[in-house]
Novice: 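Have a look at this one before I ask anything.
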Amino acid sequence: MNNKYEQLLALQKSIQSLIGKETAIIVSGGQWGDEGKGKVIDLLASNFDILVRFSGGCNAGHTTYTIDDPPKKVVSHMIPCGAAQNKTCVIGRGAFFDLERFINEYKETVDIIGINPTVYIDEGCPVWTSWHAELERWFEDCRENQIGTTGRAIGLIAAIRDLRCGIVVADLFRPRDELVKALTQLYRSFYPLLEEHREKTDPDKLWRLLDPDPEEEADKLLAKAPLIESMVKDTSYWLDDQLSHGQKVIAEGAQATGLDIQWGTVPYVSAGNSCASGAELGTGIPAFAKAARILVMKALPTRVGDGPFPSEIWNRSEAEQFPKKFPELFEKGEQRDMYLQNSLARINESWACDAECAQYFQVLGDELGATTKRGRSIGDLDIPWMLYAIRINKPDFLCLTRFDMLSGLDRIHVVENYLYNDEELPPGKLPYPKFLGEVVPFRRQWTGIKENISGCSKWEDLPGSAQHFVLRLQELLGVPFLMLGTGPGRADAIVGPFEYVP
Ligand code: IMP
């Protein structure tokens, strides 16, 4: 057994001693996604039996590892994180289901982990078709302010669900003519809207949107449906039963608070209930109202796509393009190391502008979207936003991921408050999201962490400056940290509780 593996077992044990008695836990993201929820769930999963996804669809991307030594990497978009650890995985009704992508992902997972993971899919999950994707692209093209979606038609599937004319997983197991009829009705309900835009739309595209073939789509879906038949069930009923028999469940969120359809930066959001409260809705399990809640946030928040990001230090389109312009910086090697070393020196000498600092953090953190590979934009640690996310999610614990990215900095810029209409906002309060772009972030410099803390796994091994940073942040946020992430490896983490050691 190698050192890292022992380290991992020790971390899992410490987490168990902190929250081991909980039978239901919710893990949600506090910023704009990509906070590393997968890593937190990976550490927790060994103490639980079932993982259930309560929102999102193929727009999400979670990275987890098998329990082998050395571990194998599993990236999932639809299947909950527990497959890598051979836990039962459930796709709850709050998630959006893409049959073809699911089947491919399932096969890839089997190839990596070497066994068929147990996965259940709720019969009520709304189903994706290629027409949804086409229509979503059309909607984006028509918008003046584009959202910058991941192109997985999530908003459209949700809208169609809310119009009560979409198809769900259960429809794939009914007679063929019923499915054809449902698809025909679905396509027809959009005729008037599309007709109205006839002038603006390229005739070829309009024809594909107006006249998809419901028979062809039904055949495509029905050809693959038997592959998932044994996995489909009323997962709410099943989960209730499992909980009553003492099984322990983690509800995993996709996306995050800033992308929540109601509490995020509307309209620049995804379409699910991504906050912790979405767990009860998306699983149909009232017990989640009383579950322990863990909110995951990054030390340096990131965002892809459009929309307000108050502590941002970069231009969004430059951030998106940067990895395409300089792919060599995202490959491990001498060139990347030299770049990081020089940039850090320039930042500490105060020679680097904001964009240069952001580039450094994007390269250092390999901040590329898991689904679209777009470069993520970077912001400073943002306390007012974190306090908002805490108020909305009401967590029992916080996890601060990518804490190691602050290594080597002489000073760390922290947004401590926002001014809105020249007034300070009270903690936890934000202007309506449409006007969030009008806040003026008030930054202060905190003492940096000169040492390299990457890979550190014990609180007592952290230098005093890092401990001080964590305790100051913990006090301002008013919620205890469960875990600090100190690197990309699954054992690169420190588990709380964190207290001052004189
Ligand atoms: P959609 O979810 O594809 O509709 O995209 C809506 C917005 O949410 C866009 O700005 C996306 O970039 C963003 N988004 C969706 N899923 C994720 C994610 O998993 N991580 C980060 N951003 C996401």
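These figures come from a predicted structure and were not determined experimentally. Each ligand, and each atom within it, is numbered from 1 in the order the structure gives. Side-chain atoms are counted along with the backbone in the values below, which use heavy atoms only and exclude waters and symmetry mates.
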Novice: Which of the numbered atoms in ligand 1 are under 4.0 angstrom from any heavy atom belonging to A60?
Specialist: 19 (O)
Novice: Can you tell me how the ring of F322 sits relative to the ring of W314, calling it parallel under 30°, perpendicular over 60° and tilted otherwise?
Specialist: perpendicular
Novice: For ligand 1, which atoms, with element, lie under 4.0 Å from some heavy atom of W32?
Specialist: 21 (C), 22 (N)
Novice: Side-chain donor-acceptor pair under 3.5 Å between T265 and R303, yes or no?
Specialist: yes
Novice: Under a 3.5 Å threshold, yes or no: a donor from one side chain and an acceptor from the other, between S377 and E312?
Specialist: yes
Novice: Please check whether R303 reaches ligand 1 - meaning an N/O of the residue sits under 3.5 Å from an N/O of the ligand, judged on distance alone.
Specialist: no
Novice: Under 4.0 Å from a heavy atom of D34: which atoms of ligand 1 are those, numbered in the order shown and with their elements?
Specialist: 20 (N), 21 (C)
Novice: Should you measure from each heavy atom of G305, which atoms of ligand 1 turn up under 4.0 Å away?
Specialist: 10 (O), 12 (O)
Novice: Say whether R152, considering both its backbone and side-chain N or O atoms, lies within less than 3.5 Å of an N or O atom on ligand 1.
Specialist: no
Novice: Using the benzene-type ring in the case of Trp, are the ring centres of F309 and W32 under 6.0 Å apart?
Specialist: yes
Novice: Ligand 1 and N59, any nitrogen or oxygen pair closer than 3.5 angstrom?
Specialist: yes
Novice: Give the numbers and elements of all ligand 1 atoms closer than 4.0 Å to a heavy atom of V304.
Specialist: 10 (O), 12 (O), 21 (C), 22 (N)
Novice: Closer than 4.0 angstrom, basic N to acidic O: yes or no for D34 and R376?
Specialist: yes
Novice: Please report whether ligand 1 has a polar contact with E136, defined as an N or O pair separated by less than 3.5 Å (distance criterion only).
Specialist: no
Novice: Which heavy atom of the protein is the closest neighbour of atom 5 (O) of ligand 1, given with residue, atom name and distance?
Specialist: T149 CA, 3.4 Å
Novice: Going by the atom numbers of ligand 1, which of them fall below 4.0 Å from some non-hydrogen atom of R374?
Specialist: 11 (C), 12 (O)
Novice: Tell me: protein heavy atom nearest atom 6 (C) of ligand 1, and distance?
Specialist: V269 O, 3.4 Å
